[in-house]
Amino acid sequence: MSIYIALLLSIAVGSAAGHDDQHYDASEKVPLFVDNVIPENNPSESYRYYSLAFCKPEEMKFKVQTLGEVLQGSRKVYSKYNIPFRVDVPHEKLCTITLTADQIEAFRIAILNKYHFTMYYDEIPLRGYVGEVDDDDNVFLYTNLLFQMSHNTNRIIEAHVQADPATKVKLVPGATKLSVEFGYSAVWQETQVTFEDRSANNAPDHGPEEVEIQWFSIVNSCVLVVLLTGFLVYIVLKILKKDYQRYSQLAEEEEQEETGWKRLHADVFRFPPYKSLFASILGCGVQLLLIFISLLTLAVVGVFHPYGRGTTYAAAIVIYALTAVIAGAVSGAMYKKLQGAAWVHNVLTTVSLFVGPVFVVWSILNTIAIFYDSTAALPFGTICAIFALYFLVAFPLTLAGAIAGKNYAGDFDAPTRTKFNPREIPVAPWYRQTPVHLFVAGFLPFSAIYVELYYVFISIWGHQTFTPFGILYLAFIILLVVTACINVSLTYLQLSTEDHDWWWLSICSGGATSGFVWLYCFYFYTVESSMSGLLQLAFYFGYMAVLCYAFFLTLGTVGFFASLTFVREIYRSIKSD
């Protein structure tokens, strides 16, 4: 466990390493890195900074970056900006460039699409727009930047950048060439903010209204959970109590025929078809649940903030590789309990059930990003590192877990015996059939997280950083509780209609919320966002499909184990032949 935590934290805070101990002397040179340019409405459509005709250094020198930074699309380059520590720069010329027609048009397209650039000064992100469009639709290019820095003794505390509108240059459509002089200036001031507090000082400001709305939604969801779970528990327990009394009377009157869910005691624990796939879903679902909990826990304790979402991506990959043993153990043990025989097939299904679709989606999206020459495309070295992590760590751990699960798993704990011939399932009325069942199972949990989902989406597919992770953690717990309660109730209703085929339906019911999240993706794209273009469209729906698939596996597993626990308990409480 200590090795697991050490590896995880080294990946998670890798982007912070190397500047926590940086102290500077007066006039000491501090490198300023330029990173990328990104359209305002398309966060996945990132391009290298020098894809536009800015002043390039004579020799392009790239900064060594962490896995999280590369996954985020960062490609930092040493720039020509020279801003020594605590030295004001009144005005410094970078270069003079004669823009060609193609370069002018590239700048115009970037400005019309509200491209902003990203720079880093002592690992502090600096963001600014390439240019502006006035009310008459005239396009202007910013040519001079003003850097505002603050320090506390020998450490850099704050850094900001803004354009000088007095030096902007008009870009006329159809122009064949234009001479532009780029420059910059910098001012320093002293502050009393400590280095330990500089992260919060440079973090994006979240208005109190947004936080209040999120807390209100959580309180509303908590009230919903309490009322819903209380109501369901009361109804189910009350009905079960009547069922127990009726079945006790029937047991005394042997000539009476059993009815309701008790009638299924010889069929309710009949193993489902496709045992290997079933066990693999549960193994991957438990693994993904552990990944979500681990990421949220690390986010709450402040590991990820403010180093960016790339650190979260890297941590997720590392946690996935290290928790593969859990997937193998759960899948192998469940497959053994279900009396499965094709053990090798089960292992291969487990290792590919989640990674396989993810690999297919990533391959398509990475190819599109390469075609667009976007920094969202992963470099070859990073791809090799991720593949090595999977084949050298995740795959062997899954195999080891499957062996342990197979060898140490006991028999399936069924309180009743299963007869050879299955009972015929009667036709249920329309309001108790599978489509209605799945709609109810998915809609109620989705309604509990609907408001919070909006802030998650604008964080993932926008430029706003999500910071109230405690609220997100509570929302996730609420989602799990509501999913479990709804699944138990619907399983009881299903058994009451003498339908014993509940195994697969419990997984589908638990994962039904992912279908509503997928539908919400279309609503967010068309109504709440301004995303456009093939690259952004592919990345948005591709990765949201992966995330919804992960939710299906996770919540489906929660739903099944909740139903299994309930079914075991009610059949332990009755006497059956």
Side-chain angles (χ1 to χ4, degrees), residues 1 3-17 43-44 46 64-75 283-301 303-305 307-328 350-367 369 375-401 456 459-460 466 469 476 539 542-551 553-554:
M1 181 61 69
I3 297 177
Y4 166 79
I5 295 175
L7 285 172
L8 178 59
L9 292 181
S10 66
I11 293 293
V13 301
S15 60
S44 299
S46 58
V64 178
Q65 296 184 267
T66 64
L67 175 61
E69 291 174 325
V70 176
L71 291 174
Q72 192 177 353
S74 178
R75 305 292 185 268
C284 292
V286 172
Q287 181 189 15
L288 290 169
L289 177 62
L290 182 59
I291 292 173
F292 283 129
I293 293 176
S294 299
L295 291 176
L296 288 172
T297 301
L298 291 172
V300 168
V301 299
V303 171
F304 297 142
H305 180 70
Y307 305 122
R309 66 191 69 175
T311 308
T312 308
Y313 302 154
I317 292 175
V318 174
I319 298 175
Y320 178 85
L322 297 177
T323 56
V325 64
I326 304 297
T350 303
V351 297
S352 60
L353 182 65
F354 180 70
V355 172
V358 172
F359 174 74
V360 172
V361 171
W362 170 82
S363 300
I364 297 173
L365 299 184
N366 204 63
T367 303
T375 59
L378 296 183
F380 180 74
T382 303
I383 297 174
C384 292
I386 295 176
F387 272 70
L389 188 65
Y390 176 74
F391 286 107
L392 299 180
V393 179
F395 188 89
L397 286 179
T398 304
L399 181 61
V456 174
S459 176
I460 297 176
F466 193 95
F469 291 106
F476 186 70
F539 268 73
Y543 283 128
M544 285 312 304
V546 169
L547 188 58
C548 289
Y549 179 49
F551 275 143
L553 296 176
T554 303

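Quantities reported herein were computed from a predicted structural model and do not represent experimental measurements.
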For [X] and [Y], which heavy atoms make the closest approach, and how far apart are they?
| X | Y | value |
| --- | --- | --- |
| N366 | A376 | OD1-O, 4.1 Å |
| R75 | E69 | NH1-O, 4.5 Å |
| A394 | A324 | O-CB, 3.3 Å |
| Y543 | L365 | CE1-CD1, 3.4 Å |

Rounded to the nearest 0.5 Å, what separation is found between the [atom1] atom of [X] and the [atom2] atom of [Y]?
| X | Y | atom1 | atom2 | value |
| --- | --- | --- | --- | --- |
| I326 | L289 | CD1 | CG | 11.5 Å |
| C384 | L389 | SG | CG | 13.0 Å |
| F469 | T312 | CZ | OG1 | 6.0 Å |
| L67 | T311 | CG | OG1 | 9.5 Å |
| C284 | I291 | SG | CD1 | 9.5 Å |
| L298 | L295 | CG | CG | 6.5 Å |

* Can you name the residues that form a ring pair (Phe, Tyr, Trp, His ring centres under 6.0 Å) with F395, not counting sequence neighbours? -> none
* Check ring pair (Phe, Tyr, Trp, His ring centres under 6.0 Å) between F387 and all other residues, then give those that pass, not counting sequence neighbours. => F359
* Run the side chain to side chain contact (heavy atoms under 4.5 Å, CB included) check on Y549 and V358 step by step: do they pass? -> CA-CA 9 Å; Y549 179 49; V358 172; 5.5 Å; no
Beyond-backbone contact of [X] with [Y], side-chain heavy atoms, under 4.5 angstrom:
| X | Y | value |
| --- | --- | --- |
| V325 | T398 | no |
| I386 | L378 | yes |
| V355 | V351 | no |

* Is it true that a side-chain atom of S74 and a backbone atom of V70 form a donor plus acceptor pair closer than 3.5 Å? -> no
* Within the 6.0 Å centroid threshold, strictly below: F292 and F551 -> yes
* Sort and list the pairs that fulfil side chain to side chain donor-acceptor pair (under 3.5 Å) and have at least one residue in residues 375-396, not counting sequence neighbours. => S46-T375
